[in-house]
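Below is one structure, written out as structure tokens, with a few remarks after it.
Fair warning: this is a prediction, and the values are worked out from it, not measured in the lab. Residue numbers begin at 1 in each chain, while the letters A, B, ... track the order of the sequences. Any value given below was found using the heavy atoms of this structure, including those in side chains, with hydrogens, waters and symmetry copies removed.
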Protein chains: 4
Amino acid sequence: MPERPSDPHSPRAPYMRVLDALVAEIEEGKYEPGAKLPSEPELAERFGVARMTARRALRELREQGIVETEWGKGTFVKRSD
Amino acid sequence: MPERPSDPHSPRAPYMRVLDALVAEIEEGKYEPGAKLPSEPELAERFGVARMTARRALRELREQGIVETEWGKGTFVKRSD
Amino acid sequence: MPERPSDPHSPRAPYMRVLDALVAEIEEGKYEPGAKLPSEPELAERFGVARMTARRALRELREQGIVETEWGKGTFVKRSD
Amino acid sequence: MPERPSDPHSPRAPYMRVLDALVAEIEEGKYEPGAKLPSEPELAERFGVARMTARRALRELREQGIVETEWGKGTFVKRSD
DNA sequence: GTGGTCTAGACCACT
DNA sequence: GTGGTCTAGACCACC
């Protein structure tokens, strides 16, 4: 449950828009546990942001324990939810 | 299977982990001058990395003058330390 | 299935046994045009030969224009049969 | 797509083809001292090789002291020729 | 957006 | 059966 409504009145960093969208899609089950998220370039293009921004969103997801990243392979939704 | 093939948060890149381990073992005398190091596939399996990563560590050892590589034979600890 | 029985009386180089078997399988359609042949280690194990022997058979197939090899990818049955 | 990504029968490995071409262009003055070489992905596409192969050629140029690489910026022809 | 590192797998050249 | 090179793609650290 997103306790983070994207309030257009409160300035919100672009990476949070990506983050929120990914969190929502994971919760909706679009990306099931174990599934691979889109690559950084794909996320960047899809959300119309710089690659750094996509990376930052993924890092946030990682630090929140929602996904796991494996070098050279990709970023995956954690199974141990 | 290695539980965590490589931790992106680790302060040292995977190839440095392999490098450090080999340097330590050579210094400890596990591999004496003239001795043959394990083959690249063996190192890869032992450290849970791709062969290219094992190769990267061996290249570093070679450039540091610690080992010598002979085509089709293997990598050996240098005698002229 | 092998229409080229390996006659123990006529001395036949080991690589030719592999070669004959592969030619037969390609003609039988086991490997269709564009299909990937087994890798060198796989052929070596399957026929109980050294890897060099498997390689030599593949090279022969290549020189006969039956297959094409792409570096880093594999060996494939030619489409322009 | 490149018609023949790399010919295994070629006397020179693919990375040497890239290396030779770059050396020639630098000597011809196409890239003057201080100039930036094309990026790795660009070289890879131009020569029809994998990025690692383009990198291999650049590494050779670097070790020969012909170019310098700056992190996150690019590879440049050395001024102190 | 670059160069740096990594995965996983293939074939090549040589001993 | 080793080290050498290659493919095709990923993420990382830095500018």
Side-chain angles (χ1 to χ4, degrees), chain A residues 36-44 50-52 54-56 58-59 62 68-76, chain B residues 2 5-10 12-16 18 36-44 48-59 62 68-76, chain C residues 36-44 50-52 54-56 58-59 62 69-76, chain D residues 2 5-6 8-10 12-16 18 36-44 48-59 62 68-76:
Chain A
K36 186 178 169 299
L37 294 185
S39 72
E40 295 172 356
E42 284 169 346
L43 289 175
R51 189 164 158 186
M52 279 281 287
R55 267 184 64 59
R56 184 160 175 199
L58 287 178
R59 190 181 61 186
R62 196 159 55 229
E68 270 179 333
T69 295
E70 296 183 48
W71 265 37
K73 289 183 170 174
T75 296
F76 304 83
Chain B
S6 60
D7 180 353
H9 297 127
S10 156
R12 278 177 103 51
Y15 86 89
M16 287 195 176
V18 180
K36 185 180 169 300
L37 293 184
S39 72
E40 294 174 354
E42 282 171 348
L43 289 175
V49 297
R51 184 184 156 204
M52 285 287 283
T53 304
R55 274 180 66 67
R56 180 77 176 76
L58 288 178
R59 175 156 75 93
R62 199 158 52 233
E68 271 175 336
T69 295
E70 294 181 49
W71 248 75
K73 292 170 83 176
T75 297
F76 303 83
Chain C
K36 187 179 169 299
L37 294 184
S39 72
E40 293 173 355
E42 284 170 347
L43 289 175
R51 191 164 158 186
M52 279 282 288
R55 267 184 63 60
R56 183 159 178 199
L58 287 179
R59 190 181 62 187
R62 196 159 54 231
T69 295
E70 295 183 49
W71 266 35
K73 290 182 171 176
T75 296
F76 304 83
Chain D
S6 59
H9 298 126
S10 155
R12 278 178 102 52
Y15 87 88
M16 287 194 177
V18 180
K36 185 181 169 300
L37 293 183
S39 73
E40 295 174 352
E42 281 171 348
L43 289 174
V49 297
R51 184 183 155 205
M52 286 287 283
T53 303
R55 271 179 68 66
R56 180 78 174 76
L58 289 178
R59 175 156 76 91
R62 201 159 50 232
E68 270 175 336
T69 295
E70 295 181 47
W71 249 74
K73 291 170 82 175
T75 296
F76 303 83

Discussion item. What I want to check is whether an N or O donor and acceptor connect the side chain of Arg51(B) with the base of dG4(F) at under 3.5 Å.
Written reply: yes
Discussion item. Both Ala50(B) and Gly72(B) contact DNA chain E. Which one's nearest nucleotide lies toward the 5' end?
Written reply: Ala50(B)
Fill in: Short side-chain N/O contact from Thr53(B) to OP1 or OP2 of dT7(E), under 4.0 Å
yes
Response to the item:
Taking every heavy atom of Ala57(B) against every heavy atom of Tyr15(B), the minimum-distance pair comes out as CB-O, 3.6 Å
Discussion item. Taking any heavy-atom pair under 4.0 Å as a contact, classify Arg55(B): base, sugar-phosphate, or nothing.
Written reply: base
Worksheet entry | Closest to the Trp71(C) side chain, choosing from dC12(E), dA8(E), dC14(F) | dC12(E)
Worksheet entry | Point-to-point distance, once rounded to the nearest 0.5 Å, from CD of Glu42(A) to CZ of Arg51(A) | 11.0 Å
Discussion item. Taking the nucleotide of DNA chain E with the nearest heavy atom to each, does Pro41(C) or Glu42(D) sit closer to the 5' end?
Written reply: Glu42(D)
Worksheet item: Are side-chain heavy atoms of Thr69(C) and Leu58(C) found at a separation under 4.5 Å?
Response: no
Worksheet item: Watson-Crick or G-U wobble partner for dC14(E), using a 3.5 Å limit on both distances?
Response: dG1(F)
Response to the item:
Leu58(B) CG to dG3(F) P, in whole Å, measures 7 Å
Discussion item. I need the NZ-P distance between Lys73(A) and dT7(E), as an integer number of Å.
Written reply: 8 Å
Worksheet entry | Length of the CZ-P vector between Arg56(C) and dG1(F), whole Å | 20 Å
Worksheet item: Can you check the Met52(C) CE to dC14(E) C1' distance for me, whole Å?
Response: 8 Å
Practice prompt. Can you measure from CZ (Arg59(C)) to OG1 (Thr75(C)) and round to the nearest 0.5 angstrom?
Written response: 13.0 Å
Worksheet item: Whole-Å distance between dG3(F) P and Glu68(B) CD?
Response: 14 Å
Discussion item. OP1 or OP2 of dA13(E) versus the side-chain N and O atoms of Arg59(C): is any pair under 4.0 Å?
Written reply: no
Worksheet item: What is the distance from CD of Glu40(D) to P of dG9(F), rounded to the nearest Å?
Response: 16 Å
Worksheet entry | Closest contact, heavy atoms only, Lys36(D) versus Lys73(D) | CE-O, 3.4 Å
Worksheet item: Choosing from dT5(F), dG3(E), dC11(F), which nucleotide comes nearest the side chain of Thr75(D)?
Response: dG3(E)
Worksheet entry | Between P of dC15(F) and NZ of Lys36(D), the distance in whole Å | 16 Å
Practice prompt. Rounded to the nearest angstrom, tell me the gap between atom OH in Tyr15(B) and atom P in dA13(F).
Written response: 13 Å
Item to complete: Look at the side-chain N and O atoms of Ser39(D) and state whether any lies under 4.0 Å from the OP1 or OP2 oxygen of dT2(E).
Response: yes
